[in-house]
Protein chains: 2
Amino acid sequence: MPPSPTPRISRTKRLTRSAQVANDIKRWIVQSHKKVGDKLPQEAALIQQMGVARGTVREALAALQAQGLITTSTGPNGGATLTQPPYERCLEAVSNFMYFEPVDIATLYALRRAVEPELAANVATRLSDADLAELDRLIGASHPAHGGSGDWNERREADLVFHDRLADACSSPMLALFCRLLNDIIRRVIVVRNAQQGFQAFDDDVFHSHSALMDAFRARDAERARAVMREHIEQTEALAMEAETRVQRERLLMDS
Amino acid sequence: MPPSPTPRISRTKRLTRSAQVANDIKRWIVQSHKKVGDKLPQEAALIQQMGVARGTVREALAALQAQGLITTSTGPNGGATLTQPPYERCLEAVSNFMYFEPVDIATLYALRRAVEPELAANVATRLSDADLAELDRLIGASHPAHGGSGDWNERREADLVFHDRLADACSSPMLALFCRLLNDIIRRVIVVRNAQQGFQAFDDDVFHSHSALMDAFRARDAERARAVMREHIEQTEALAMEAETRVQRERLLMDS
DNA sequence: ATCAATTTGTTCGTATGTATC
DNA sequence: CGATACATACGAACAAATTGA
């Protein structure tokens, strides 16, 4: 019998007990100023403190785990530990959201054209020597004449990883998040046909643009990096629109 | 006894049984080309098909429900129904992701400066007369001399809702998603002090810029709308940086 | 390195509430 | 009203994983 300990009216929406427990735990996290790595009370303690059954507590913890806020471990001194929610949770949420929505290539690239120059300007003064070396390696891997794979899709992947690495170096988590989301949506959704025949223009453009970007990065010139990136995305956009592309929505829901 | 119907080795990463069931259901959704409104098999059928316990199936369905992919209803012919995942799931995921990350106002506005002009250009040729009327109403509500509230926070909210309405009219779900996410993060995170004293410059700027936007919208001039919006965000950004603002991260975790 | 204690993970059973037809 | 079928909550037992003596 759920005795409803707080006789709230709650005529609009009834919150389940596990959801209440989950919110209480969240509130406890905020008010206790808990940080990543701190441990939550164990199941037994939560059962006592909240006065609910074990299944209810576990359901609440499962909700927090599904949001990526905690991980749990077994054994003595085990239990739930606060963690930084992984990027994959955001990607999953956005992928689910977009699955039933129409996706078109033009606006995806329009968005890239808006945010990627900002990313280039952000990282221009922040890239370490190791970062620059890794980017150089990826540039090579994206062109067949400079050590890249013979498979067009693998070269395309190296191109996208180049942009992912820039996002990794970004000082703004939100800007990095948007750029990575765009990269992954493009990765999952866009399929380019006729990849083999006569598409070396794509390889050449990527190689040339990325190399120009590296020059701006090494000069620590944020504004030049921004301009080069804008031009790069515009060219890529034009080539993508010109090629026979199609949207493959199915992959959005998978790989969770 | 877990009979493990598919004797997969899975040495790399052990997935919980409920997660496997959730993925199997997702795969079934994709392969069956299910659309919003279609019904999933009932619990009893899933228990039989998957060969797992009731609790496991319920946990898997709870995961899909947490992702907003299904809603469940009771009664005869009840069960799980496919739904369009709500925007709130994306906001929740991004909010959780950002909670432990540093948030600064400058880069949030830099992002707005990148995407909002794109939004303005997108909707310029799409706004209906009803949309334009609603936007006019919100412009009035955002200025104390044109019917707006005396409370500074309420006027600020009208300003943000104006931008939300533009996102609602956007033809690109991804662009709309980014703009709404930015609006909500700004809504939750940024607190402006000294709101009462001498900040009519903010009201005036918003009123003037939004009005200029409406002119461009009525003229169906996408490029002018883009330019006006860019200038608007830049001015707002400058005013926000000038004011005594601070970041209140706590609200990111709450209101789930 | 083995073994025992601890803690979470999984499954089952049961009862009751609740919405739908 | 009443039958159906899901929703929620509790309790118990056992399995699995981890830690530490």
Side-chain angles (χ1 to χ4, degrees), chain A residues 1-25 37-66 69-83, chain B residues 1-6 8-25 37-66 68-83:
Chain A
M1 57 172 140
S4 180
T6 62
R8 66 192 66 179
I9 311 299
S10 75
R11 51 198 161 289
T12 58
K13 184 70 168 296
R14 228 200 49 213
L15 226 53
T16 67
R17 197 106 80 168
S18 63
Q20 292 178 31
V21 172
N23 279 338
D24 287 345
I25 294 176
D38 292 346
K39 297 190 75 63
L40 268 61
Q42 292 183 327
E43 277 186 9
L46 289 174
I47 291 168
Q48 262 209 334
Q49 291 173 23
M50 310 282 189
V52 294
R54 187 175 178 223
T56 309
V57 166
R58 285 188 55 76
E59 212 170 330
L61 291 177
L64 298 182
Q65 200 173 24
L69 284 170
I70 62 172
T71 57
T72 53
S73 59
T74 64
N77 199 19
T81 306
L82 268 181
T83 58
Chain B
M1 63 177 134
S4 181
T6 63
R8 67 192 66 179
I9 311 297
S10 76
R11 53 198 162 288
T12 57
K13 183 70 169 294
R14 232 203 48 212
L15 231 53
T16 66
R17 197 106 79 169
S18 62
Q20 292 178 30
V21 173
N23 279 338
D24 288 344
I25 295 177
D38 292 347
K39 298 190 74 64
L40 269 62
Q42 290 185 328
E43 268 191 7
L46 287 175
I47 291 169
Q48 263 208 334
Q49 292 174 22
M50 309 286 186
V52 293
R54 181 185 150 98
T56 308
V57 166
R58 285 187 52 76
E59 213 170 328
L61 290 178
L64 296 182
Q65 199 174 24
L69 283 170
I70 61 172
T71 56
T72 51
S73 57
T74 63
N77 199 20
T81 306
L82 268 181
T83 57

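Chain identifiers are assigned alphabetically (A, B, ...) following the order of the sequence lines, protein sequences preceding nucleic acid strands; residue numbering begins at 1 within each chain.
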Does A:Thr56 place a side-chain N or O at less than 4.0 Å from the phosphate oxygens OP1/OP2 of D:dC10?
yes
Rounded to whole Å, the CD1-P distance (A:Ile47 to C:dG9) equals 12 Å
Of B:Gln65 and A:Gly55, the one whose nearest nucleotide on DNA chain D sits closer to the 5' end is B:Gln65
Under the 3.5 angstrom rule, does the side chain of B:Thr83 hit a backbone N or O of B:Gly68 as a donor-acceptor pair?
yes
Tightest non-hydrogen contact, residues A:Ile25 and A:Leu61, listed as CD1-CD2, 4.2 Å
Per atom distances to the A:Arg17 side chain, the nearest of C:dT8, C:dT6, D:dC10 is D:dC10
A:Leu46 atom CG is separated from D:dC10 atom P, nearest whole Å, by 14 Å
Check whether any side-chain N or O of A:Gln20 sits under 3.5 Å from a backbone N or O of A:Leu15 as a donor-acceptor pair, and report yes or no. yes
Rounded to whole Å, the CD-C1' distance (A:Gln42 to C:dA5) equals 13 Å
A:Pro76 has its side chain closest, among C:dT6, D:dA17, D:dT8, to C:dT6
In whole angstroms, the gap separating C1' of C:dG9 from CD of A:Glu59 amounts to 15 Å
Output, in order, the C-alpha distance, side-chain angles, deciding distance and verdict of side chain to side chain contact (heavy atoms under 4.5 Å, CB included) for B:Leu40 and B:Thr81. CA-CA 6 Å; B:Leu40 269 62; B:Thr81 306; over 6 Å; no
Against the side chain of A:Arg54, the closest entry in D:dA9, C:dT7, D:dA13 is D:dA13
Rounded to whole Å, NZ of B:Lys39 lies from P of D:dA5 at a distance of 13 Å
**Prompt:** Step by step, would you call B:Thr72 with B:Gln65 a side chain to side chain donor-acceptor pair (under 3.5 Å)?
**Reply:** CA-CA 8 Å; B:Thr72 51; B:Gln65 199 174 24; 3.3 Å; yes
A:Gln48 atom CD is separated from D:dG11 atom P, nearest whole Å, by 13 Å
Picking from D:dC10, C:dT6, D:dA17, the nucleotide nearest the side-chain atoms of A:Ala53 would be D:dC10
Here the distance between atom P of D:dA7 and atom CG of A:Leu15, to the nearest Å, is 16 Å
Between A:Ser73 and B:Thr72, whichever has its closest DNA chain D nucleotide further toward 5' is B:Thr72
Testing D:dC6, C:dA5, C:dT8 for proximity to the side chain of A:Arg58, the answer is C:dT8
Rounded to whole Å, the CG-P distance (B:Leu61 to D:dA5) equals 17 Å
